[in-house]
Protein chains: 2
Amino acid sequence: MTIYDISKKAGVSIATVSRVLNGSDKVRPATRKKVMDIIEKYDYTPNAFARGMGLHSVQTIGILCADSSDLFLAKAVYYLEQELQSNGYESLLCCTGYNLDIKKNYLNLILSKKVDGIILVGSNFIGTNEEENQYIKDVSAQVPIMLLNASFDYPNVYSTLCDDYTSMFEATVSMLDAGIEDILYLYNSNSYSGVKKLGGFRAAMEAHSVPDYEKRILFYEGDPQQMDDVANYLERLSKKKLSFHGVIASEDPLAIGAMKYARRQGLCVPEDLSVIGYNNSMLTTCCTPELTSVDNRLETQTHQLVQTLLGVLQGEEMPKKSIFSGKLIKRGTTLF
Amino acid sequence: MTIYDISKKAGVSIATVSRVLNGSDKVRPATRKKVMDIIEKYDYTPNAFARGMGLHSVQTIGILCADSSDLFLAKAVYYLEQELQSNGYESLLCCTGYNLDIKKNYLNLILSKKVDGIILVGSNFIGTNEEENQYIKDVSAQVPIMLLNASFDYPNVYSTLCDDYTSMFEATVSMLDAGIEDILYLYNSNSYSGVKKLGGFRAAMEAHSVPDYEKRILFYEGDPQQMDDVANYLERLSKKKLSFHGVIASEDPLAIGAMKYARRQGLCVPEDLSVIGYNNSMLTTCCTPELTSVDNRLETQTHQLVQTLLGVLQGEEMPKKSIFSGKLIKRGTTLF
DNA sequence: GTGAAAGCGCTAACAT
DNA sequence: ATGTTAGCGCTTTCAC
């Protein structure tokens, strides 16, 4: 069923059908109804490809994320999808994995679909050196690039993020103020936000003149979602006489791993060990005691990101960078 | 930059460029190289819309799921995406929400993109009466429909699922055999698999001649992910003198809610209350004790689904229905 | 207000 | 092995 079939059945030209389809006001109501009836009767839907060819925009946004099964990313994608949808945009999702070359390919692939803009979800799309980020510069020449939870200063690139540095700084200070100085910092990513968080932690330790804190900063290599493995890792560590009475993790699952470790060691949380997670995911309320965690206001972020994008697409001047402060949600794994 | 520009610069016809682009073997290597060089030099990417118009297939599969932030669905989507990708297919994801009309719209929308097949993730796409499922019949006339975790017998509709009936039957029997008869069955969906699970539970109760079990079958109306609310719900219930020493839930979060309830009441899990969840999600290892749960072999399912789809697309005759048995993963919330 | 006709960029059948 | 050309289904001038 094509526009020709419909026009024939309705006794009008294809131009008129097209006008009805696109809501032009230059169609007599009677004609419109006649055409609409046929369209509905035959359940006709215009071919998106043919349509996209003529059109400049097809009201579609490309969303790239490394792993849609990650709790944080999945939620972000969901919010974005909903927000875009309610603004009349469709979204095209690609899960790229964490490999740089594959990410590049996907970016080009999604670009060839004539998307109006691209959202990169998660800070893992931004590398630390210029060369790594070249592919973003290239693409930004064609469509606006929106970064969620990352920042990159370049024309036509817009960033929306949580102030992870300050959030982590404050979370750390809370723990220090509670008298815990031997804090283990557990992280698993050197992404943009990963670096910021670590920076915040270090700054807090410096500000409190904690001696020798670097030895308690640990990069966890494995899959953080395997919380038992995280616990194993910490057990091995404690045998090496590295003592700690607090754990701050860059992600909730790592924090849960620390809680598992504590349980195995017969340590009480929070009396013997305080734990703070990050992301305020649903995991925080699954464990006992419930996990104190930093909320990075994901929903606020996604909302703002889409608003900025819509503005940009309408040619308005929009802020290049929107930063929201995070918030420590105090639950049962901390005494303060 | 179009195929015409490239052909001009390379001094060949557009047909030759097209052949190079599509990897035809009827191009002399020298010609191919000449064209490729130009393509790379100008960083040319063919227009996907123009391409899609000519082509019959664009190697794209539409994936519909109600809510990509649901732990189970997110994981399913992820596996599917990876599997399709490694077989040379792209995927187009839409999150539809749970409203029937919106789901229908999305189906049509995704169809208009000329996808080669459509995967409906989660049993909430299949209703209990014929009329609800009409939209699936309509679409199946055009492309194969793959159902994950649901079943619907109709031409060109293929189902891949876990034998939820038997899995739930066996899980229930395990608990009954352990001497617990007053089991609370907590569920929140009357979807295809929801109905199967409940059926399995009932059958087990019948088989053990448990009296009066219907009064302990409870439909939870709220959002199961809000586990505190689930606990509240159960507290209200226990005040109404409904006693139970076991909880079987149709989803892990509901089971976690039950564990929260137990803790508030000062009940020990599993000594005073046994709990079984469903889906074997990552939540099962977040709580204490860890949650016994039914594993529905999601990865096996998604693998099989994609294999079946690929077969169908190649015109092979494939099984209309693939059923895998689930498995009870015993952890700390049960004594058996 | 409506129709005729010229593209949009590509694929594929056909011709050479 | 390569070129020519007719569509694919739609949008959008430009006439009427």
Side-chain angles (χ1 to χ4, degrees), chain A residues 1-39 42-60 90 108-116 142, chain B residues 1-39 42-60 88 90 108-116 142-143:
Chain A
M1 185 76 32
T2 76
I3 202 171
Y4 289 94
D5 302 320
I6 300 295
S7 76
K8 211 164 289 168
K9 289 185 204 296
V12 297
S13 74
I14 59 161
T16 300
V17 179
S18 178
R19 286 191 190 98
V20 171
L21 247 25
N22 293 289
S24 159
D25 48 352
K26 294 181 184 308
V27 181
R28 212 185 325 150
T31 316
R32 175 184 308 280
K33 181 168 178 358
K34 193 167 56 180
V35 174
M36 281 304 283
D37 286 349
I38 301 287
I39 288 179
Y42 291 93
D43 217 4
Y44 160 77
T45 332
N47 178 310
F49 288 104
R51 201 166 208 182
M53 218 165 66
L55 254 33
H56 253 145
S57 153
V58 280
Q59 302 278 105
T60 302
E90 287 174 44
N108 285 321
L109 186 146
I110 214 162
L111 202 58
S112 75
K113 310 245 155 136
K114 269 197 185 170
V115 292
D116 302 302
Q142 312 199 35
Chain B
M1 187 74 33
T2 76
I3 201 171
Y4 288 93
D5 302 319
I6 300 294
S7 76
K8 210 164 289 168
K9 288 184 204 297
V12 297
S13 75
I14 58 160
T16 301
V17 179
S18 178
R19 286 191 190 98
V20 171
L21 247 26
N22 293 290
S24 158
D25 48 352
K26 294 181 184 308
V27 181
R28 201 170 351 132
T31 315
R32 176 185 307 280
K33 180 167 178 358
K34 193 169 56 179
V35 174
M36 281 305 283
D37 285 349
I38 301 288
I39 288 179
Y42 291 93
D43 215 7
Y44 160 77
T45 332
N47 180 312
F49 290 103
R51 201 167 208 182
M53 219 167 65
L55 251 35
H56 253 145
S57 153
V58 279
Q59 301 279 104
T60 301
E90 287 175 44
N108 285 319
L109 186 146
I110 214 163
L111 202 58
S112 75
K113 308 245 155 133
K114 269 199 185 169
V115 293
D116 301 304
Q142 312 199 35
V143 293

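Per chain, numbering begins at 1; letters A, B, ... match sequence-line order.
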For A:Ile14, answer base if it contacts any base atom (sugar-phosphate contacts may also be present), sugar-phosphate if it contacts only those atoms, and nothing otherwise; contact means non-hydrogen atoms under 4.0 Å. base
What nucleic acid atoms does A:Ser18 come within less than 4.0 Å of, heavy atoms only: base, sugar-phosphate, or nothing? base
Hey, does the side chain of B:Arg32 reach the backbone of B:Lys26 with a donor-acceptor pair shorter than 3.5 angstrom? no
In whole Å, I'd like the distance from the NZ atom of B:Lys113 to the P atom of D:dG9. 18 Å
All heavy atoms of A:Tyr4 vs all of A:Ile14, minimum pair found to be CD2-CG2, 3.6 Å
Rounded to whole Å, how long is the line connecting atom CZ of B:Phe49 with atom C1' of D:dG7? 20 Å
Look at the side chain of B:Arg19 and the base of D:dG3, then say whether one donor and one acceptor between them are separated by less than 3.5 Å. yes
On the side chain of A:Tyr4, is there an atom forming a donor-acceptor pair with the base of D:dC8 - under 3.5 Å, no angle test? no
Of all heavy-atom pairs linking A:Pro46 and A:Arg51, the shortest is CG-NH1, 3.4 Å
I need the CG-C1' distance between A:Asn22 and D:dT13, as an integer number of Å. 15 Å
Between CE of B:Met53 and C1' of C:dC8 the distance, given in whole Å, is 7 Å
Upstream residue (5' side of DNA chain D) when B:Ala50 and B:Ala15 are each assigned their closest nucleotide: B:Ala15
Once you round it to whole Å, what is the distance between P of C:dG1 and CG of A:Asp25? 8 Å
Do the side-chain N or O atoms of A:Tyr44 get closer than 4.0 angstrom to the phosphate oxygens (OP1, OP2) of D:dG9? no
With DNA chain C as reference, determine whether A:Thr16 or B:Asn47 sits nearer its 5' end, using the nearest nucleotide of each. A:Thr16
Could you tell me how far apart B:Leu21 (CG) and C:dG9 (C1') are, to the nearest whole angstrom? 11 Å
Quick note, A:Arg51 side chain, CB onward, closest among C:dC10, C:dT11, D:dT11 is D:dT11
B:Tyr42 and side-chain contact (heavy atoms from CB on, under 4.5 Å): which partner among B:Thr45, B:Ile39, B:Ile38? B:Ile38
Rounded distance in Å - NZ (B:Lys26) to C1' (C:dT11): 16 Å
Among D:dC10, C:dT2, C:dC10, the one nearest any side-chain atom of A:Ile3 is D:dC10
A:Arg28 side chain, from C-beta outward: closest of C:dG1, D:dA1, C:dT11: C:dG1
Please check: side-chain N/O of A:Asn22 versus main-chain N/O of A:Arg19, any donor-acceptor pairing under 3.5 Å? no
Side-chain N or O of B:Ser13 less than 4.0 angstrom from OP1 or OP2 on D:dG3? yes
